Amino acid sequence: MAFISFHYSLFLLIITIFSSSKLANAANTIQNFHYFCDFNNRGNYTDNSIYHTNLKTLLSTLTSNTQINYGFYNSSNGENTNKAYAIGLCRGDVKQNECLNCLKASSNNLTQLCPNRKEAIGWYEDEKCMLRYSDRSIFRFLEIGPAYYANNMNNATDLSVFNEALRNLLDNLTRRASSGDSRLKYAADSTLGPNYQTIYGLVQCTPDLSESDCNSCLVQSIARIPIDCCKDKIGGRVVRPSCNMRFETNFPFYDPTATPPPPPPPEPGTCYYAH
């Protein structure tokens, strides 16, 4: 098992990362962190400006919010042209403390790797968390780019059986995740592939999306598998701002025993989306 883990870690270091953004750029990568800076040409901010102050306050507040235990954080700070918006999303099986630590590390990375950029987004290699911020509203919008693709280098066998099992698994997960509520749109499960191999799959959307937008984002991601993501491979992923999809064979990359905590009932007057 240790050899398999080592082999997979080595593969992660040398896989090629592709972008599906309208800019057609490869994702920047450092220490298993993939990121894009200013991908919508939002421009720069100056140090100690009002926007800079609003962004720093927003990221500090978002990455230390212990009131939320379902892994989705969205908020804004400031007014008018100096308003900053941010979204943090953790994988559905990640515990709160691990989630916040991941978001804090992402915040530090993005502000250092994208200095003075008004808009940035980043993910860790295992999609444990995503963090994005901008000077424009990013809530409840379906956004499929910028994105990155990656695949396991090993080819699947008995392709017709493998591909059918994979497609059925991902379609089922898409339906389950899309029907989630405004705090969690996540599904993970496994299925039996050819030669008694286990195929693990995971899909997730930012839960501010509508059911139809979540479904659309995941359907578009799954459609990339035979095109430019991971055709006939035993593992692959498509990672976008609004959703992510991943599958692996004989490698449980998520905690199959973890059950996301049920979201608490909303308090009177609670609004989960910043405007």
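Nothing here was measured: the structure is a model prediction, and the numbers come from that model.
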Gap separating the SG atom of Cys90 from the CG atom of Leu184, nearest 0.5 angstrom: 11.5 Å
Would you indicate whether Lys128, at its atom NZ, is surrounded by more than 12 heavy atoms from other residues, nucleotides or ligands within a distance under 6.0 Å? no
Is it the case that over 12 heavy atoms from other parts of the model lie below 6.0 angstrom from the CG atom of Leu142? yes
For a quick check under 3.5 Å, do Lys233 and Asn155 share a side-chain donor-acceptor pair by atom type? yes
Tyr148 ring center within less than 6.0 Å of Trp123 ring center: yes
Centroid-centroid under 6.0 Å between Phe139 and Tyr85 rings: yes
Test salt bridge (charged side-chain N to carboxylate O under 4.0 Å, His left out) applied to Arg175 and Asp171, step by step: CA-CA 6 Å; Arg175 287 190 294 269; Asp171 286 350; 5.3 Å; no
Taking the side chain as every heavy atom from C-beta outward, state whether Tyr149 and Cys230 have any atom pair closer than 4.5 Å. no
Can you tell if the side chain of Asp232 reaches within under 4.5 Å of the side chain of Asn163, non-hydrogen atoms only? yes
Should Asp38 and Lys118 be marked as a side chain to side chain contact (heavy atoms under 4.5 Å, CB included) after you check the CA-CA gap, both sets of side-chain angles, and the distance that decides it? CA-CA 7 Å; Asp38 196 27; Lys118 290 183 177 180; 5.8 Å; no
Between Glu98 and Arg91 (salt bridge meaning N to carboxylate O under 4.0 Å), is one present in this structure? no
Report the residues that fulfil salt bridge (charged side-chain N to carboxylate O under 4.0 Å, His left out) with Glu127, sequence neighbours left out, ordered by chain and then residue number. Arg237
Atom of Leu110, atom of Leu131 and distance for their closest heavy-atom approach: CD1-O, 3.5 Å
Show which side-chain atoms of residues 188-199 pair as donor or acceptor with protein atoms under 3.5 Å away, not counting sequence neighbours.
unit_1	atom_1	unit_2	atom_2	d
Asp189	OD2	Arg176	NH1	3.1
Asn195	ND2	Thr157	OG1	3.4

